[in-house]
Student: 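Let me begin by handing over the structure; questions about it come next.
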Amino acid sequence: MRVSSLIAALAWAWFLAGISVDASEQQNVSEKTVKEKISENDEKSSENDLKIETNAQRMIIEGRRIFRFDTFGSEAFWGDALQLHKAIAGEKNGGVGDGVSPKTALSAGLKVDADALPPALQDQLKAGKASEVDLDNPATTVALIKLDAVVGVKGFFDDNGNLKSMGIQCALCHSTVDNSLAPGIGKRLDGWANRDLNIGLIVSLAPNLKPFSDLLEVDEATVKKVLTSWGPGRFDALLDKDGKAFRPDGGQAGTLIPPAFGLAGINLHTWTGFGSVPYWNAYVAATEMHGSGTFFDARLNDESQYPVAARSGSFNTRDTPDRITSKLAPLHLYQISIPAPRPDKDSFDEIAAVRGKDIFSDKAKCATCHVPPLFTEPGNNLHDPSEIGVDAFQADRSPTHMYRTAPLAGLWTHQKGGFYHDGRFASLRDVIQHYDEFLKLGLSEQEKSDLIEYLKSL
């Protein structure tokens, strides 16, 4: 299938979309429908029980829609201000420059939702004929965006079908796909960290970086240098608060994108733990995604630690209309409902993992902090950098000045990019070696290997 036939197939899908329910609207299930699904023939449930069950199901469904499809009005920043959509479309499609082809987009870590593709294209990909599809035309990227097929990206089109703006969604960083049709193309995996996503490189393509350069009080060349320093799977959510573009040693200052699954029962979120899940949803939606809403944290109104936030007033964001606050509750419930994925049994040595579990709980002392089954401490799960033997650079960018004990469930899904907040340890063996030396554990090589297999099994 050459690009002309591909675009024709996509055009047919657009026509069908015009006479069917929008993808995001399909997620809106009425309270009556939900109640019928969960309460049919349930004579044991009281009226109040049914209200709770109905509310929970409704919120989870709504939360999934928000997580996958809501931009919170961020198109005003990424499209209208930065004009990023023009760089994606390219000059031949009403934008600027060469544009971004699907091949380039996939190489930058963007993912494609197979379920949003036309059936004919799905069939061709299932047949293993991806190599026959011309993925070098930016017009195809625009067509995929129009189908809501690019995970985490929402396009806005004029009456002539031209891409006029774009916004981003939670799923951009915190979802990937199962690669069931081709690398980067498959069914959505919500909550998985997209460690392939080179978000800094993508943002650096924007024709207008002035909003960043004005905020940080640097030139646009410096902004591009910072953005492209992060690399795949990293983002710096504090650059626009403290202005620290690089570490003291000159290294990049971004942190690895964390997973958003397995968070039920866990108090603090992110590497340095200065907020809960709903705190970070508000923080990111309002100040990083640049949606329209409310966010407040007086701790960030500190000229010495957060000079950019204090100057810009982002610590007290009060946008109108507020498109974020009313969505925090269902978004939170959906996220904490996403379980940590279990690994395939053939992906680790089961017998060694059994031995490794004993080592984890006893000699290696891992369970002291990574308390099963949460695999972090119940309560205030924070530690001083000196307790874990690492430098305080990232911790000191947080109001806590500490690091959170990261949950371990689903660890196998986010090994790419390394471990710890900045990926400083390339492998699980490197992590174990660090603690073996720092805590003087005296682990044998066999014990280290068994411990690795147990960690891979979580």
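As the structure is a prediction and not an experimental result, all values here were calculated from the model.
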Student: Is the side chain of S449 donor-acceptor paired with the backbone N or O of E445 at a distance under 3.5 Å, no angle test?
Tutor: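 At least one qualifying donor-acceptor pair exists.
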Student: Are the side chains of F393 and H421 in touch, meaning some heavy atoms are under 4.5 Å apart?
Tutor: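 F393 vs H421: side chains apart.
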Student: To the nearest 0.5 Å, what is the distance between CG on L263 and CG on N267?
Tutor: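 Rounded to the nearest 0.5 Å, the CG-CG separation comes out at 11.5 Å.
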Student: Considering only heavy atoms from C-beta outward, does the side chain of K126 approach that of L181 to under 4.5 Å?
Tutor: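 K126 vs L181: side chains touch.
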Student: Step through the shown structure and confirm whether more than 12 heavy atoms of other residues, nucleotides or ligands are within 6.0 Å of NZ on K224.
Tutor: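 No - once you tally the heavy atoms of other residues, nucleotides and ligands closer than 6.0 Å, there are 12 at most.
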Student: Can you tell if the side chain of V354 reaches within under 4.5 Å of the side chain of E350, non-hydrogen atoms only?
Tutor: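 No, too far: nothing below the 4.5 Å cut-off.
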Student: Would you check if the side chain of Y334 reaches a backbone N or O of I66 as a donor-acceptor pair within less than 3.5 Å?
Tutor: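 No; zero donor-acceptor contacts below 3.5 Å.
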Student: Please name the pair of heavy atoms, one in I388 and one in F438, separated by the smallest distance, quoted to 0.1 Å.
Tutor: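 Smallest heavy-atom distance, with atoms named: C-CE2, 3.7 Å.
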Student: Rounded to the nearest 0.5 Å, what's the gap from CG on N55 to CD1 on I60? Could you check?
Tutor: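 If we round to the nearest 0.5 Å, N55:CG and I60:CD1 are 10.0 Å apart.
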Student: Please tell me whether T376 and N381 have a donor and an acceptor in their side chains that are separated by less than 3.5 angstrom.
Tutor: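 Note: T376 and N381 side chains meet the donor-acceptor criterion.
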Student: Do D422 and T255 meet the criterion of a side-chain donor-acceptor pair at a distance under 3.5 Å?
Tutor: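 The criterion, which ignores hydrogens and geometry beyond distance, is not satisfied for T255 and D422.
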Student: Going by the angle between their ring planes, with limits at 30° and 60°, are W192 and F261 parallel, tilted or perpendicular?
Tutor: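 Perpendicular: the ring planes of W192 and F261 meet at over 60°.
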Student: Does R195 use its side chain to pair, donor to acceptor, with the backbone of G417 at less than 3.5 Å?
Tutor: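 A pair under 3.5 Å: no.
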Student: Please check if the distance between the ring centroids of H290 and F77 is under 6.0 Å.
Tutor: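 Aromatic pair counts; centres sit under 6.0 Å.
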Student: Between Q252 and G254 (side chain of the first, backbone of the second, donor and acceptor by atom type, cut-off under 3.5 Å), is there such a pair?
Tutor: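 Here the side-chain-to-backbone pair exists.
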Student: Decide whether T104 and S101 meet the rule of one side-chain donor and one side-chain acceptor closer than 3.5 Å.
Tutor: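 Yes - a donor-acceptor pair under 3.5 Å links their side chains.
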Student: Does any part of the side chain of V177, heavy atoms only, come nearer than 4.5 Å to the side chain of L189, both counted from C-beta?
Tutor: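 With C-beta onward as the side chain, the pair stays apart.
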Student: Would a distance-only check, ignoring hydrogens and angles, find a side-chain to backbone donor-acceptor pair under 3.5 Å from N281 to L328?
Tutor: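 Answer holds: no.
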Student: To the nearest 0.5 Å, what is the distance between OG1 (T176) and CG (L197)?
Tutor: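 Rounded to the nearest 0.5 Å, the OG1-CG separation comes out at 9.5 Å.
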Student: Less than 4.0 Å between a side-chain N and a carboxylate O, is that true for E288 and K241?
Tutor: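 Answer for the salt bridge query: yes.
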Student: Using modelled atom types and a 3.5 Å cut-off, is there a donor and acceptor pairing between side-chain atoms of W271 and backbone atoms of L256?
Tutor: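 Indeed, once roles are kept as given, a pair shorter than 3.5 Å links the two residues.
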Student: Tell me whether the NZ or CZ atom of R404 lies within the 45° cone about the ring axis of Y420 and under 6.0 Å from its centre.
Tutor: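 Judged by the rule (NZ or CZ under 6.0 Å from the ring centre, within 45° of its axis), R404 is not positioned above Y420.
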Student: Are the side chain of T287 and the backbone of V284 linked by a donor-acceptor contact shorter than 3.5 Å?
Tutor: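 Pair absent, no side-chain N/O of T287 close to backbone of V284.
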Student: Do you know the tightest heavy-atom contact between S180 and K187?
Tutor: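 Nearest pair, atom of S180 first, then K187: OG-N, 3.7 Å.
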Student: Any ion pair linking R424 and D391 (charged N to carboxylate O, less than 4.0 Å)?
Tutor: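 R424 and D391: salt-bridged.
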Student: Hey, what do you get for OG (S457) to CG (D344), rounding to the nearest 0.5 Å?
Tutor: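 Spacing of OG (S457) from CG (D344) equals 12.5 Å.
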Student: Give the minimum heavy-atom separation between P372 and A367, together with the two atoms involved.
Tutor: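 Here P372 and A367 meet closest at CD-CB, 4.1 Å.
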Student: Take D136 and K103 through the salt bridge (Lys or Arg N to Asp or Glu O under 4.0 Å) test and state the conclusion after the steps.
Tutor: CA-CA 6 Å; D136 293 313; K103 186 179 295 184; 3.2 Å; yes
Student: Check this for me, if you would: do D70 and K327 make a salt bridge, where the nitrogen-to-carboxylate-oxygen distance has to be below 4.0 angstrom?
Tutor: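 Answer for the salt bridge query: yes.
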Student: Just so I know, are the side chains of P118 and L147 near enough to count as touching, which here means a heavy-atom distance under 4.5 Å?
Tutor: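 Result yes, sub-4.5 Å side-chain heavy-atom pair found.
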Student: Could you check whether atom CG of D98 has more than 12 heavy atoms from other residues, nucleotides or ligands sitting under 6.0 Å from it?
Tutor: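 Atom CG in D98 is not crowded, with 12 or fewer foreign heavy atoms closer than 6.0 Å.
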Student: Looking only at side chains, do N137 and T140 share a donor and an acceptor under 3.5 Å apart?
Tutor: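 No, no side-chain donor-acceptor contact under 3.5 Å.
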Student: Apply the test salt bridge (Lys or Arg N to Asp or Glu O under 4.0 Å) to residues D115 and R188: give CA-CA distance (whole Å), side-chain angles for both, the deciding distance (0.1 Å), then the verdict.
Tutor: CA-CA 8 Å; D115 290 334; R188 289 175 181 260; over 6 Å; no
Student: Determine whether F72 and S292 satisfy the following criterion, side-chain contact (heavy atoms from CB on, under 4.5 Å), listing intermediate values before the conclusion.
Tutor: CA-CA 6 Å; F72 307 109; S292 179; over 6 Å; no
Student: Tell me if a side-chain donor or acceptor on Y403 pairs with a main-chain N or O of A395 at a distance below 3.5 Å.
Tutor: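 Such a contact is found between Y403 side chain and A395 backbone.
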Student: Please list, one pair per line, the donor and acceptor atoms closer than 3.5 Å that link side chains of residues 272-280 to other protein atoms, with sequence neighbours excluded.
Tutor:
{"residue": "S276", "atom": "OG", "partner": "Y279", "partner atom": "N", "Å": "3.4"}
{"residue": "Y279", "atom": "OH", "partner": "D297", "partner atom": "OD2", "Å": "2.5"}
{"residue": "W280", "atom": "NE1", "partner": "T270", "partner atom": "OG1", "Å": "3.4"}

Student: Just so I know, are the side chains of L172 and N194 near enough to count as touching, which here means a heavy-atom distance under 4.5 Å?
Tutor: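 L172 does not reach N194 side chain to side chain.
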Student: Given side chains that start at C-beta, do those of V96 and E91 come closer than 4.5 Å, heavy atoms only?
Tutor: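 They are not in side-chain contact.
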Student: So E453 and K448, salt bridge (Lys or Arg N to Asp or Glu O under 4.0 Å) or not? Walk me through it.
Tutor: CA-CA 9 Å; E453 295 307 305; K448 293 174 186 176; over 6 Å; no
Student: So, the side chain of Q83 versus the backbone of G79: is there a donor-acceptor pair under 3.5 Å, distance only?
Tutor: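 Judged by distance alone, yes, a pair lies under 3.5 Å.
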Student: Please test I61 against R65 for side-chain contact (heavy atoms from CB on, under 4.5 Å), starting from the C-alpha separation and ending with a verdict.
Tutor: CA-CA 6 Å; I61 292 170; R65 184 199 65 79; over 6 Å; no
Student: To check you understand the geometry: which heavy-atom pair defines the closest contact between L374 and G265, and what is its length?
Tutor: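 So the two residues come closest at CD1-O, 3.5 Å.
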Student: Can you see which heavy atom on P207 is nearest to which on A87, and at what distance?
Tutor: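 Heavy-atom minimum between the residues: CD-CB, 4.1 Å.
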Student: Aromatic contact between F235 and W230, with the criterion being ring centroids under 6.0 Å apart: yes or no?
Tutor: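 They qualify: ring centres under 6.0 Å apart.
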Student: Test salt bridge (Lys or Arg N to Asp or Glu O under 4.0 Å) on R397 and D236; report intermediate values, then the result.
Tutor: CA-CA 11 Å; R397 300 181 73 187; D236 191 346; 3.1 Å; yes
Student: Could you walk me through whether F212 and V203 pass the side-chain contact (heavy atoms from CB on, under 4.5 Å) test, one step at a time?
Tutor: CA-CA 11 Å; F212 286 125; V203 176; 3.7 Å; yes
Student: Are I452 and I432 side-chain neighbours, meaning at least one heavy-atom pair lies under 4.5 Å?
Tutor: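 Side-chain contact under 4.5 Å: yes.
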Student: Pairing donors with acceptors under 3.5 angstrom, does anything connect the side chains of Q433 and E437?
Tutor: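 The criterion, which ignores hydrogens and geometry beyond distance, is satisfied for E437 and Q433.
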Student: Nearest 0.5 Å, please: how far is SG in C173 from CD1 in I199?
Tutor: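 Taking CD1 in I199 and SG in C173, the distance rounds to 5.0 Å.
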Student: Within the distance-only criterion (no hydrogens, no angle test), does the side chain of W78 pair as donor or acceptor with the backbone N or O of M289 below 3.5 angstrom?
Tutor: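 Yes, W78 side chain to M289 backbone: donor-acceptor pair under 3.5 Å.
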Student: What closest approach, in Å, do Q122 and A114 show between heavy atoms, and which atom pair accounts for it?
Tutor: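 In this case the closest contact between Q122 and A114 is NE2-O, 3.1 Å.
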Student: Whether E75 and K164 form a salt bridge (side-chain N of Lys/Arg under 4.0 Å from carboxylate O of Asp/Glu) is what I want to check.
Tutor: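 Salt bridge absent between K164 and E75.
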Student: Carefully, step by step, assess L428 and F419 under the rule side-chain contact (heavy atoms from CB on, under 4.5 Å).
Tutor: CA-CA 7 Å; L428 288 172; F419 298 92; 3.5 Å; yes
Student: When you measure from the centre of the six-membered ring of F157, is the NZ or CZ of K146 closer than 6.0 Å and no more than 45° off the axis?
Tutor: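 K146 over F157 ring: yes.
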Student: Inspect the contact between D196 and K111 and indicate whether a charged nitrogen and a carboxylate oxygen are less than 4.0 angstrom apart.
Tutor: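 Salt bridge between K111 and D196, a charged N being under 4.0 Å from a carboxylate O: yes.
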Student: Just verifying a value: how many Å separate I338 CD1 and Q335 CD, rounded to the nearest 0.5 Å?
Tutor: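 I338 CD1 to Q335 CD: 6.5 Å, rounded to 0.5 Å.
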Student: Hey, are K154 and Q169 close enough side-chain-wise for a donor-acceptor pair under 3.5 Å?
Tutor: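 The answer is no; no qualifying pair exists.
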